[in-house]
Amino acid sequence: MTTFSAPKGVPDYFPPVSATFAAVRDILLDAARLAGYGYIELPVFEDTALFARGVGESTDVVTKEMYTFTDRGGRSITLRPEGTAGVMRAVIEHGLDKGQLPVKLAYAGQFFRAEQPQAGRYRQFHQVGVEAIGVDDPALDAEVIAIADEAFRRMGLTGYRLELTSLGDASDRPAYRELLQAFLAKLPLDEETRRRATINPLRVLDDKRPEVRALVEDAPLMRDHLSDASRAHYEQVKDYLNDLGVKFVENPRMVRGLDYYTKTCFEFVHDGLGAQSAIGGGGRYDGLMEQLGGQPLSGVGFGLGVDRSLLACQVEGVQPGDVARCDVYGVALGEAAKSRLVALSAALRGAGVRFDLAYGGKGLKGAMKGADRSGAKFALVLGERDIEAGVVQLKELASGDQREVPLVDVVIAVREALGR
RNA sequence: GUGGGUGUAGCUCAGCUGGCAGAGCACUGGGUUGUGAUCCCAGGUGUCGCGGGUUCAAGUCCCGUCACUCACCCCA
């Protein structure tokens with residue numbers, strides 16, 4: 001008999017960890033909902049050209065990390081490597097940008113990149129993101145960042161920092177790029193690095209090797225070559241962040257792998273995760289919509305890495321969400337009692353109580369053990385004696401305290417005990 | 001694509017210079033035929049990743065191979 005394992009680089013999440021996974025995802029969706037973002041559900045695959053044009057033909061993501069295939073109709077299809085391009089496509093296709101602006105949307109789901117897997121880097125990964133489209137207001141940049149910050153805080157994380165910079169816009173970036181390339185051309189760089197300098201010179205600024213870092217220490221920085229408009233935008237974003245009480249550090253050497261980013265650019269970095277330390281990131285993308293055939297509207301957004309945020313929670317020992325499988329666990333002694341508990345399960349669940357019971361004719365000891373392992377706060381123990389007396393034993397598992405409750409009042413008693 | 005590390009029970013791992021395949025956790029039953037989490041007793045776990053070689057003898061040494069993993073790169 002042959003057995004199967006999951007494809008390389010693809011994580012499975014199952015109880016109890018999956019409860020934390022879902023909580024991490026839902027916390028951000030909830031934070032976005034509180035800020036007026038509507039949920040959008042998008043396809044997992046799109047026309048390959050959408051990503052090639054949106055993300056950028058020269059990016060690593062497009063040149064060597066996409067899952068691309070030809071479908072039966074001869075179309076080139078790609079599993080989405082990121083979220084923003086698909087959102088823009090949907091906005092343009094359905095004319096969502098023809099009404100009130102900004103259009104505020106949130107999404108969640110799987111993304112795919114054919115990379116070599118390592119800690120925190122998977123071939124299928126999960127992201128939750130938000131996009132605010134159509135208004136070039138620095139207060140929106142700050143809002144998007146604040147939503148992410150709020151989400152990380154509500155997860156219980158403390159060991160992260162927000163790094164911030166501005167990449168300039170279409171008017172000031174080309175001139176800076178030339179300036180930087182001219183600077184890099186004079187340095188004694190190896191061939192590989194030289195090639196990177198021509199494709200994306202910013203990346204050389206972010207090189208990890210100390211000798212390269214020393215070489216580029218005096219390199220010109222975008223921060224010092226922003227146009228007046230870009231500079232004003234950046235300063236206002238920082239002011240709004242201060243108003244929102246969001247702490248940040250400036251990192252003028254930050255690099256993003258997607259071509260569409262302009263002006264504000266940010267990354268949430270966690271130091272406990274090894275090499276893949278970004279738990280979320282994003283920025284403004286003022287030319288993207290027009291690039292994809294829509295109106296020339298600006299946008300700002302970010303994506304939160306659910307897998308990495310989950311790792312960060314594990315590193316910090318925090319556990320958002322509830323890993324308990326149920327609130328109340330039923331233990332029946334004998335067939336008559338089991339029938340009563342099965343009937344009761346419908347009533348309890350109907351009242352919103354998470355209820356499970358011991359199946360499979362376990363002994364009392366085994367059934368109580370099941371109650372303990374389920375994470376339930378209370379056990380309901382029912383035997384022949386109780387049925388005759390018209391009662392059921394309600395036991396608080398943490399303390400061991402047990403009291404009798406009339407069978408007819410059990411739903412009310414359980415809800416009361418749970419504080420609902 | 002390039003380097004390093006690791007593959008032994010469901011999980012985490014030990015196994016020395018080759019000499020009977022191990023522990024803890026988890027699981028099941030019992031101590032208590034109406035009470036879990038603590039304690040005691042009992043129980044079963046295995047193509048030692050796979051293929052070849054050396055040897056009286058290989059989990060252990062050698063060669064190959066596959067997988068996983070960390071890092072470069074890249075990014076969430």
Side-chain angles (χ1 to χ4, degrees), chain A residues 1 3 5-11 14 24-25 28 55 59-65 80-84 108-129 148 160 192-193 195-196 199-200 203 206-209 254-258 261 266-270 273-282 301-312 329 331-334 337 358 360 362-387 392-402 404:
Chain A
M1 190 67 137
T3 59
S5 55
K8 188 182 181 72
V10 173
F14 44 86
V24 164
R25 179 193 58 207
L28 179 70
V55 177
T59 59
D60 278 29
V61 168
V62 169
T63 55
K64 50 189 190 195
E65 295 172 2
R80 59 183 181 183
E82 59 93 53
T84 303
Q110 295 93 323
F111 297 87
F112 307 85
R113 292 184 198 172
E115 298 185 273
Q116 205 55 248
Q118 69 182 71
R121 187 169 76 185
Y122 307 102
R123 291 186 169 180
Q124 172 179 280
F125 56 100
H126 302 77
Q127 240 175 284
V128 191
Y160 67 90
E192 176 63 33
T193 310
R195 188 161 47 241
R196 271 196 285 157
I199 297 169
N200 186 350
R203 271 190 211 155
D206 199 34
D207 200 298
K208 286 177 182 168
R209 293 168 294 183
M254 189 196 306
V255 179
R256 309 249 70 213
L258 312 180
Y261 287 115
F266 61 92
E267 210 167 78
F268 286 84
V269 180
H270 198 286
L273 299 185
Q276 308 303 319
S277 58
I279 53 177
F302 85 98
L304 173 148
V306 178
D307 311 85
R308 289 184 189 174
S309 298
L310 174 62
L311 288 173
Y329 194 91
V331 174
L333 294 146
K362 283 192 179 62
L364 178 62
K365 191 187 175 92
M368 285 306 295
K369 195 161 185 164
D372 187 53
R373 296 300 149 95
S374 75
K377 287 190 170 58
F378 294 93
L380 278 177
V381 184
L382 188 67
E384 304 295 335
R385 287 198 321 241
D386 303 303
I387 294 176
V392 61
Q393 307 296 328
L394 178 63
K395 177 167 186 168
E396 186 178 25
L397 289 163
S399 64
D401 295 344
Q402 182 170 313
E404 283 186 4

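By convention in this document, chain letters (A, B, ...) are assigned in the order of the sequence lines, proteins followed by strands, and residues within each chain are numbered from 1. Every value quoted in this text rests on a predicted model; they were computed, and no experiment measured them.
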Rounded [atom1] spacing from [N] to [M] in Å:
{"N": "B:C16", "M": "B:G22", "atom1": "C1'", "result": "15 Å"}
{"N": "B:C25", "M": "B:U69", "atom1": "P", "result": "28 Å"}
{"N": "B:A42", "M": "B:C70", "atom1": "C1'", "result": "42 Å"}
{"N": "B:G10", "M": "B:C27", "atom1": "C1'", "result": "9 Å"}
{"N": "B:U8", "M": "B:G1", "atom1": "P", "result": "25 Å"}
{"N": "B:G43", "M": "B:G24", "atom1": "P", "result": "13 Å"}
{"N": "B:A14", "M": "B:A57", "atom1": "C1'", "result": "23 Å"}
{"N": "B:C13", "M": "B:C48", "atom1": "C1'", "result": "13 Å"}

Salt-bridge test for [X] and [Y]: reply yes if a basic N is under 4.0 Å from a carboxylate O, no otherwise.
{"X": "A:E267", "Y": "A:R256", "answer": "yes"}
{"X": "A:D307", "Y": "A:R121", "answer": "no"}
{"X": "A:R203", "Y": "A:D60", "answer": "yes"}

Nucleotides 26-37 of chain B: protein proximity per nucleotide (B base, S sugar-phosphate only, - neither; heavy atom, under 4.0 Å): SSS--B--BBBB

- prompt: Which parts of nucleotides 70-76 of chain B does protein reach within less than 4.0 Å, heavy atoms only, written one letter per nucleotide 5' to 3' as B for base, S for sugar-phosphate only and - for none?
  reply: SBBBBBB

Tell me whether [X] contacts the main-chain N or O of [Y] through its side chain, where contact means a donor paired with an acceptor under 3.5 Å.
{"X": "A:T63", "Y": "A:T59", "result": "yes"}
{"X": "A:R123", "Y": "A:P11", "result": "no"}
{"X": "A:R113", "Y": "A:V61", "result": "no"}
{"X": "A:D386", "Y": "A:G383", "result": "yes"}

query: How close do A:E82 and A:L258 get, heavy atom to heavy atom, and via which atoms?
result: OE1-CD1, 4.0 Å

- request: Run the numbers on A:Q393 and A:V331 for side-chain contact (heavy atoms from CB on, under 4.5 Å), then give the verdict.
  value: CA-CA 10 Å; A:Q393 307 296 328; A:V331 174; over 6 Å; no

Rounded to the nearest 0.5 Å, how far apart are [atom1] of [X] and [atom2] of [Y]?
{"X": "A:F112", "Y": "A:Y122", "atom1": "CZ", "atom2": "OH", "result": "15.0 Å"}
{"X": "A:Q127", "Y": "A:L304", "atom1": "CD", "atom2": "CG", "result": "8.0 Å"}
{"X": "A:T84", "Y": "A:Y261", "atom1": "OG1", "atom2": "OH", "result": "5.5 Å"}
{"X": "A:Q402", "Y": "A:E396", "atom1": "CD", "atom2": "CD", "result": "11.5 Å"}
{"X": "A:L333", "Y": "A:R385", "atom1": "CG", "atom2": "CZ", "result": "9.0 Å"}

Please write out the pairs of protein N or O atoms and N or O atoms of nucleotides 45-49 of chain B separated by less than 3.5 Å, giving the distance to one decimal.
none

Please tabulate, one pair per line, each protein N/O and nucleotide N/O from nucleotides 5-8 of chain B that are separated by under 3.5 Å, including the distance.
none

- request: Just jot down the side chain to side chain donor-acceptor pair (under 3.5 Å) partners of A:Q124, sequence neighbours excluded, or say none.
  value: none

field: Side-chain donor-acceptor contact under 3.5 Å, A:T193 with A:R209
entry: yes

query: How does RNA chain B look in dot-bracket form if you count Watson-Crick and G-U pairs under 3.5 Å, write [ ] for pairs that cross, and put | where a base pairs with another strand?
result: (((((((..((((.....[..)))).(((((.......))))).....(((((..]....))))))))))))....

message: OP1 or OP2 of B:C68 versus the side-chain N and O atoms of A:K8: is any pair under 4.0 Å?
response: yes

